[in-house]
Chemist: 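Please see the structure below; I have some questions.
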Amino acid sequence: MTHSSDRVIVVGAGPVGLCLSLALAKEGVPVTLIEALGDDNFLEQVPRAGTNHPATLEMYDCIGLYEKLEPRGIIAPVFHYWDRTDRKLIAAFDHVLLRDDTRFPYVLQCERIKIVEEALKMAKAHPGIDLRLSSTFERFEQNGSGVVAHFVNPAGEAERATGAYIVSAEGARSIVRKDLDIEFEGFTYSDLTLNIEVAYDFRRHGYAERNYISDPVEWSNLFHWKGPPDRWRVHFPVEASQDQEAACRPEALQARLQAFLPTGRDFDIVGSNLYTVHQRVAKKFRRGRAILAGDAAHVNSPIGAMGMNSGVHDAFSLADKLVRILHGGESDEILDRYERQRRHVAIQHTQAQTIRNKRLLAEKDPEVRKRSQDELRRTAEDPAQARAFLLRASLIESLREAEQIM
Ligand SMILES: Cc1cc2nc3c(=O)[nH]c(=O)nc-3n(C[C@H](O)[C@H](O)[C@H](O)COP(=O)(O)OP(=O)(O)OC[C@H]3O[C@@H](n4cnc5c(N)ncnc54)[C@H](O)[C@@H]3O)c2cc1C
């Protein structure tokens with residue numbers, strides 16, 4: 001097996017693969033980035049993540065990406081918890097309380113598609129990144145000194161790329177994870193999540209840019225996504241037993257929105273999609289020279305906006321270690337530290353918080369609901385407790401804790 005001694009092969013040009021590639025290339029590590037989508041269809045991806053937490057913004061800033069995203073996003077310092085049954089605001093949290101903890105005391109509402117569009121432009125312009133678009137990764141092999149990735153190029157021919165390490169940033173269906181026979185432990189929620197995109201400004205009803213709305217029958221999330229012109233997204237649960245096609249019909253979407261907020265006028269619905277939500281973490285994040293990052297390593301519900309953010313945090317943690325191995329001569333045992341740190345974050349922070357968030361929103365027992373809402377209200381009213389809450393919700397605490405793991 002021949003290999004290029006310090007090249008890293010990254011599979012997948014999602015937010016994680018692109019951030020990793022740019023962070024490695026910035027430090028002079030050559031990268032081959034293999035992506036199945038091409039210039040003709042790269043921007044046609046389903047709407048997904050959109051909330052970028054403060055620590056993630058700091059990381060984007062390190063690679064020059066933040067300045068490209070800020071003009072395309074919405075700065076949102078405040079988020080709300082609401083009770084839908086009586087349309088009451090339970091608690092408001094303001095990131096300004098994190099002004100001594102981060103240079104960015106706010107989230108940036110900026111869609112995944114804009115992030116990958118801007119990062120892809122940067123990757124194309126970087127001489128250290130060999131970008132292979134319209135190329136579908138199929139399998140890989142490794143030995144003690146390197147890896148070979150096999151992919152099908154745009155001409156439909158089988159091609160190989162060689163390197164010192166391969167990183168799977170292919171998303172939840174990671175071929176690398178499956179080939180390595182690594183278990184993806186966890187569960188799948190029985191209900192699906194319906195995402196409806198609406199042209200409407202919900203702020204006129206008192207909502208913040210991000211709102212988590214609890215209800216024993218139909219919890220929801222409400223996010224300002226982009227604008228002007230304003231685009232908001234509303235998430236609702238859809239029982240698995242429900243007819244999925246019927247749930248997505250325009251009249252059904254309209255009825256849900258009218259029940260959520262009766263305005264007396266039809267909402268202008270721009271789009272919708274229905275997706276299954278998993279809570280899973282890979283049992284191993286590394287086997288030899290193959291490493292998992294982002295959704296390839298962990299997936300979670302979008303309540304709390306942690307999937308993409310924690311994936312980007314994986315990318316920067318991993319880039320730091322690969323640079324130290326490939327250019328600093330350190331032992332690749334530090335990749336086991338990557339696994340210890342990032343699996344800890346995935347299990348103790350991302351999974352734990354997103355599961356708790358969903359439980360809080362969907363709780364049916366009136367007494368438990370009242371207790372949880374009272375606690376949330378007290379937390380928001382006390383600045384020290386509210387800051388601690390924000391440190392957890394924005395994943396800053398997860399990064400600090402990971403640093404303590406050797
Ligand atoms: C509806 C929804 C809303 C969400 N909202 C949020 C949010 O607000 N905040 C948040 O943090 N997270 C959110 N998430 C999660 C977030 O979208 C993911 O965590 C994030 O996109 C993962 O990034 P990634 O780079 O690991 O993988 P992906 O974004 O899945 O990217 C993987 C890339 O790999 C490519 N690829 C796959 N297979 C191959 C192959 N065989 N060969 C070559 N290329 C391949 C794909 O084309 C893709 O470009 C949301 C998810 C959903 C579904």
Side-chain angles (χ1 to χ4, degrees), residues 9-21 32-38 41-53 55-56 76 79 107-113 115-117 119-120 123 131-140 149-154 161 166-179 192-197 209-210 212 221 223-225 233-235 271-278 280 282 292-315 318 346 350 353-354 357 393-395:
I9 298 168
V10 178
V11 187
V16 176
L18 281 161
C19 284
L20 174 64
S21 301
T32 298
L33 174 56
I34 301 168
E35 167 57 48
L37 299 172
N41 57 1
F42 192 75
L43 297 181
E44 288 163 19
Q45 303 184 42
V46 203
R48 291 165 64 179
T51 296
N52 299 273
H53 289 299
T56 313
F79 64 99
V107 306
L108 185 72
Q109 293 290 90
C110 182
E111 295 173 277
R112 176 186 170 281
I113 198 67
I115 300 166
V116 291
E117 183 185 6
L120 188 73
L131 178 62
R132 309 300 302 263
L133 289 179
S134 306
S135 296
T136 304
F137 168 77
E138 290 198 318
R139 65 189 170 86
F140 82 104
H150 298 263
F151 59 98
V152 177
N153 71 18
I166 183 166
V167 181
S168 167
E170 305 154 76
R173 297 206 174 110
S174 167
I175 292 171
V176 171
R177 191 189 67 239
K178 285 178 194 150
D179 279 1
L192 290 94
T193 297
L194 173 65
N195 169 44
I196 313 179
E197 192 150 332
E209 253 82 19
R210 289 168 67 215
Y212 296 103
N221 296 326
F223 300 121
H224 192 186
W225 214 248
R233 283 190 191 162
V234 199
H235 291 165
S272 70
N273 58 305
L274 194 60
Y275 57 92
T276 309
V277 177
H278 310 273
R280 294 183 187 275
L292 309 179
D295 273 19
H298 45 78
V299 286
N300 54 265
S301 103
I303 310 177
M306 295 191 163
M308 180 174 70
N309 284 273
S310 64
V312 170
H313 300 185
D314 290 349
L318 182 56
T350 318
Q353 286 196 59
T354 48
N357 287 343
S394 65
L395 291 171

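Whatever order the structure lists ligands and atoms in, that order sets their numbers, starting from 1.
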Chemist: Quick one: list whatever passes ring-ring contact (aromatic ring centres under 6.0 Å, His included) with F140, sequence neighbours left out.
Modeler: none
Chemist: Would you say L33 and L18 make side-chain contact, with heavy atoms under 4.5 Å?
Modeler: yes
Chemist: Would you find a donor on one side and an acceptor on the other, under 3.5 Å apart, between the side chain of Q45 and the backbone of I113?
Modeler: no
Chemist: Show the protein residues that qualify under the rule heavy atom under 4.0 Å from an atom of ligand 1, listing them in chain and number order.
Modeler: G12, A13, G14, P15, V16, I34, E35, A36, L37, R48, A49, G50, T51, R112, S135, T136, F137, A169, E170, G171, I175, Y275, G294, D295, P302, A305, M306, G307, M308, N309
Chemist: Any donor and acceptor pair, going by atom type alone, linking the side chain of R177 with main-chain N or O of A172 inside 3.5 Å?
Modeler: yes
Chemist: Measure the shortest side-chain to side-chain distance between V11 and I166 over non-hydrogen atoms and say whether it is less than 4.5 angstrom.
Modeler: yes
Chemist: Is there a donor-acceptor contact under 3.5 Å from the side chain of N195 to the main chain of N273?
Modeler: no
